[in-house]
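These figures come from a predicted structure and were not determined experimentally. As a basis for the values below, the full set of heavy atoms in this structure was taken, side chains included, without hydrogen atoms, waters or symmetry mates.
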Amino acid sequence: MNGEENNRVQIRQRTRLPDFLQSVNLKYVKLGYHYLISHLLTLCLIPLMSVIVVEASRLSLDDVHQLWLQLQYNLVSFIVFSVVLVFGSTVYIMTRPRSVYLLDYSCYLPPSHLKVKYQQFMEHSELTGDFDESSLEFQRKILERSGLGEETCVPEAMHYLPPRPSMAAAREEAEQVMFGALDKLFANTNVKPRDIGILVVNCSLFNPTPSLSAMIINKYKLRGNIRSFNLGGMGCSAGVIAIDLAKDMLQVHRNSYAVVVSTENITQNWYFGNKKSMLIPNCLFRVGGAAVLLSNRSVDRRRSKYKLVHVVRTHCGANDKAFKCVYQEQDDNGKTGVSLSKDLMAIAGGALKTNITTLGPLVLPISEQILFFVTLVAKKLFNAKIKPYIPDFKLAFDHFCIHAGGRAVIDELEKNLQLLPVHAEASRMTLHRFGNTSSSSIWYELAYTEAKGRMRKGNRVWQIAFGSGFKCNSAVWVALRNVKPSPNNPWEDCIHRYPVQLNL
């Protein structure tokens with residue numbers, strides 16, 4: 001009996017259906033679903049086109065002749081139709097948005113003597129005599145948890161004892177950063193400065209007279225009819241705002257080059273007080289800047305790196321908490337600094353949610369949009385406990401340039417967008433090597449991806465930046481070729497050491 005029972009058990013096991021949840025890799029099922037939905041229109045058109053081709057192949061010469069005679073009898077209708085078609089095509093061609101191409105960009109690489117190590121930073125802070133013991137300990141903890149490495153740079157004036165944050169020193173920092181990036185940009189692209197028709201400069205905290213844009217015009221002797229703009233007080237997301245402004249200008253002015261310069265000035269904006277919320281920027285912000293060359297000339301497509309696809313801007317300034325979460329002010333002792341609210345991450349999360357709600361339909365495959373919509377409807381109608389479906393932005397983008405505002409910012413976006421460590425690698429390594437360089441950080445991150453040899457033709461890049469106000473801005477680019485790093489890439493002397501293991 002035992003033998004017969006064993007045989008029956010073995011027969012039942014052989015005839016039982018397999019456990020599909022265990023035997024089928026659901027990842028491939030989801031990929032198949034996305035492919036089917038994304039190509040649904042094509043799959044439907046193929047049978048229709050096949051029918052049209054078959055029917056057309058059955059037409060005889062007499063059938064074609066009869067069709068021609070019918071067109072002759074309706075000559076007026078045919079002419080009107082042709083005129084409308086030509087006129088409509090002309091209007092479409094004349095009014096459609098012009099493509100904006102990114103020929104190249106360059107990031108400023110500070111000289112090695114401006115580097116500041118943890119120990120040097122703390123010893124210097126202690127020797128200034130401006131910080132009490134509690135503030136020094138607070139800065140030490142911020143540095144240890146910040147994600148910054150030992151090679152970030154502070155301006156020349158902050159290396160002196162006591163520091164020398166003068167107007168002249170601030171101008172010198174601005175010139176070194178902006179001119180250093182622009183010199184490399186013009187050298188790499190062989191574009192003459194006098195060919196530039198549009199100039200946009202953004203720097204939040206340093207706005208001298210004459211402006212920073214005027215300093216560039218004077219240095220490079222740009223032409224007299226240049227359209228120049230100087231954006232101030234717009235925070236770390238101003239780099240994307242500057243790109244958006246340049247894009248709009250390129251829609252108006254044909255056959256033009258536009259240069260965008262994004263930077264931040266630290267010299268006169270170091271905080272020498274003891275208010276904790278105002279000490280954080282001292283520990284995070286470092287010297288940096290980037291210059292970007294854009295064009296709307298179709299002949300430049302062949303030699304360009306990227307094409308601008310979308311810019312989506314979100315402003316939450318109508319909310320009082322959002323407006324004051326990054327706020328320049330004086331402390332009780334009259335010392336000026338930038339205060340960061342404890343609600344910053346929550347406000348940034350809300351701004352990101354609003355931004356991706358607008359961006360999602362523009363970039364996500366239709367399969368993801370259907371899943372999101374169905375889940376939303378089910379949650380509203382049937383069960384409020386159903387978790388909202390988080391779209392998989394990895395299906396829309398190949399590379400992510402998350403503003404290197406701090407470790408917490410990168411952690412939150414990696415978690416909320418369900419990204420893999422490799423997607424946040426460029427942001428973490430940029431924070432480690434260069435610190436928070438404000439609006440230019442997204443360009444150091446793109447340079448990291450290029451230096452690693454990961455940028456392939458057709459890859460999509462998502463640049464995400466946050467800034468005071470409070471703002472969340474996104475720029476989407478598509479690579480026009482396999483992009484190699486340009487000469488003097490800021491990572492070329494150290495990319496072999498990255499990624500590094502972070503002990504956080």
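- For Ser262 and Trp443, the side-chain atoms include no donor-acceptor pair closer than 3.5 Å.
- Sorted by first and then second residue, the salt bridge (charged side-chain N to carboxylate O under 4.0 Å, His left out) pairs with a member in residues 437-451 read Lys305-Glu450; sequence neighbours excluded.
- Under the 3.5 Å distance criterion, the side-chain polar atoms of Ser146 are matched with a main-chain donor or acceptor of Leu148.
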Using a 3.5 Å cut-off and no angle test, enumerate the donor-acceptor pairs between side-chain atoms of residues 414-422 and protein atoms at least two apart in sequence or in another chain.
unit_1: Glu414; atom_1: OE1; unit_2: Arg428; atom_2: NH2; d: 2.4
unit_1: Asn416; atom_1: ND2; unit_2: Glu412; atom_2: O; d: 3.3

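- Other residues, nucleotides and ligands contribute over 12 non-hydrogen atoms within 6.0 Å of the NZ atom of Lys394.
- Ring pair His403/Phe466: centre-to-centre distance not below 6.0 Å.
- Looking only at side-chain heavy atoms (C-beta outward), Ile216 and Val201 come within less than 4.5 Å of each other.
- The number of heavy-atom neighbours closer than 6.0 Å to CZ of Arg497, taken from other residues, nucleotides and ligands shown, is above 12.
- Looking only at distances, no side-chain donor or acceptor of Asn255 sits under 3.5 Å from a matching main-chain atom of Arg297.
- Within the structure, salt bridge (charged side-chain N to carboxylate O under 4.0 Å, His left out) pairs that include any residue of residues 345-355 do not occur (at least two apart or interchain).
- Here the side chain of Thr430 pairs no donor or acceptor atom with the backbone of Ser427 at under 3.5 angstrom.
- Pairs of residues two or more places apart, or lying in two chains, that qualify as salt bridge (charged side-chain N to carboxylate O under 4.0 Å, His left out) and include a residue from residues 453-476 are Glu425-Arg454.
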Review item, side-chain donor-acceptor pairs of residues 487-495, under 3.5 Å, at least two apart:
unit_1: Asn489; atom_1: OD1; unit_2: Trp491; atom_2: N; d: 2.8
unit_1: Asn489; atom_1: ND2; unit_2: Ala447; atom_2: O; d: 3.4
unit_1: Trp491; atom_1: NE1; unit_2: Tyr444; atom_2: O; d: 2.9
unit_1: Glu492; atom_1: OE1; unit_2: Asn488; atom_2: N; d: 3.4

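- No more than 12 heavy-atom neighbours from other residues, nucleotides or ligands sit within 6.0 angstrom of CZ on Phe323.
- A distance of 15.0 Å separates CH2 in Trp462 from NE2 in His399, rounded to the nearest 0.5 Å.
- Pairs passing the ring-ring contact (aromatic ring centres under 6.0 Å, His included) check and including a residue from residues 178-206, sequence neighbours excluded, read Phe179-Tyr220, Phe186-Tyr220.
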